[in-house]
Amino acid sequence: MSQPPVLISEADIQKRVAELAEEISRDYQDKDDVVLIGVLKGSFIFLADLSRRLTIPRTIEFIAVSSYGNGSVQSGAVRLVMDVRGNIEGRHVLIVEDIVDTGHTLSYLIGMLRSHGPASIRTCTLLHKAERAEVDVKIDYVGFGIGDEWVVGYGLDYAEQNRTLPYIGNVEPTDR
Ligand code: 5GP
């Protein structure tokens, strides 16, 4: 099977992840605890690389939501599939997303996690499709802005394929 064309190379991703880690480490340097919450499944590789480059004390949690079917067509409301296991009350939370598209998922997550009473919530996404935004949601750290296209690789899939590509590529979904 042919590989998707490269949109963002492995080298460019690694360089940007290092820059984000530096910025986050600087912003949280006076905090003694930051909980990174990775949004499954798409953020698992980004979270692994980002978290290992941070120079501040951090712990890792995961949360799982579903907002799409098995392809690229939005199925409607965001649904919580797995909540965080650890207690985040009074702690500094950084949500780590793979991609923000319409913003519904991130907006839902912020509201949901806020109800757990954290000291603060910030958001970080590797990719942002600004032109597709439907809700106004604050993103504190953005890796790359991209256009309205379906991307795969570095954790992101199309129908569960291509998650482990080392780069971000684009595919032509057959269901859009
Ligand atoms: P939103 O709620 O912002 O519309 O969508 C966020 C979720 O949609 C992401 O976490 C991701 O699962 C999925 N998504 C949106 N655009 C893309 C894309 O181009 N590629 C992949 N693989 N997932 C996407």
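Ligands are counted one by one from 1 in listed order, and the atoms in each one are counted from 1 as well. Both backbone and side-chain heavy atoms feed into the values below; hydrogens, waters and symmetry mates do not.
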Trp150 touching ligand 1 at heavy-atom level, < 4.0 angstrom: yes
Ligand 1 atoms in contact with Glu149 (distance to a heavy atom under 4.0 Å): 19 (O)
In ligand 1, the atoms that come under 4.0 Å of a heavy atom of Lys129 are 16 (N), 17 (C), 18 (C), 19 (O)
Subset of ligand 1 atoms that lie under 4.0 Å from at least one heavy atom of Glu97: 10 (O)
What about Tyr141 and Val100, same hydrophobic cluster or not, with Ile/Leu/Val/Met/Phe/Trp/Tyr joined at side-chain heavy-atom distances under 4.5 Å? no
Using side-chain heavy atoms (C-beta onward) and a distance below 4.5 Å, is Ile63 in contact with Met112? yes
Just how far is it from atom SG of Cys124 to atom CG of Leu50, taken to the nearest 0.5 Å? 5.5 Å
Verdict with reasoning, Arg122 to His92, per side-chain contact (heavy atoms from CB on, under 4.5 Å): CA-CA 8 Å; Arg122 282 191 188 171; His92 297 285; over 6 Å; no
Looking only at non-hydrogen atoms, the one of Asp148, Thr102, Ile146 nearest atom 1 (P) of ligand 1 is Thr102
Side chains of Val39 and Phe62: closer than 4.5 Å at any heavy-atom pair? no
If you measure from each heavy atom of Gly103 to ligand 1, is any distance below 4.0 Å? yes
Compare Thr105, Val152, Asp98 and give the one whose heavy atom is closest to atom 10 (O) of ligand 1. Asp98
Quick one: does any side-chain atom of Arg114 pair with a main-chain N or O of Ile110 as donor and acceptor, under 3.5 Å? no
Does a side chain donor of either Thr59 or Arg91 reach within less than 3.5 Å of an acceptor in the other side chain? yes
Tell me, please: is Val151 in heavy-atom contact with ligand 1, that is, under 4.0 Å? yes
Could you tell me which atoms of ligand 1, counted from 1 in the order shown, lie closer than 4.0 angstrom to a heavy atom of His104? 2 (O), 3 (O)
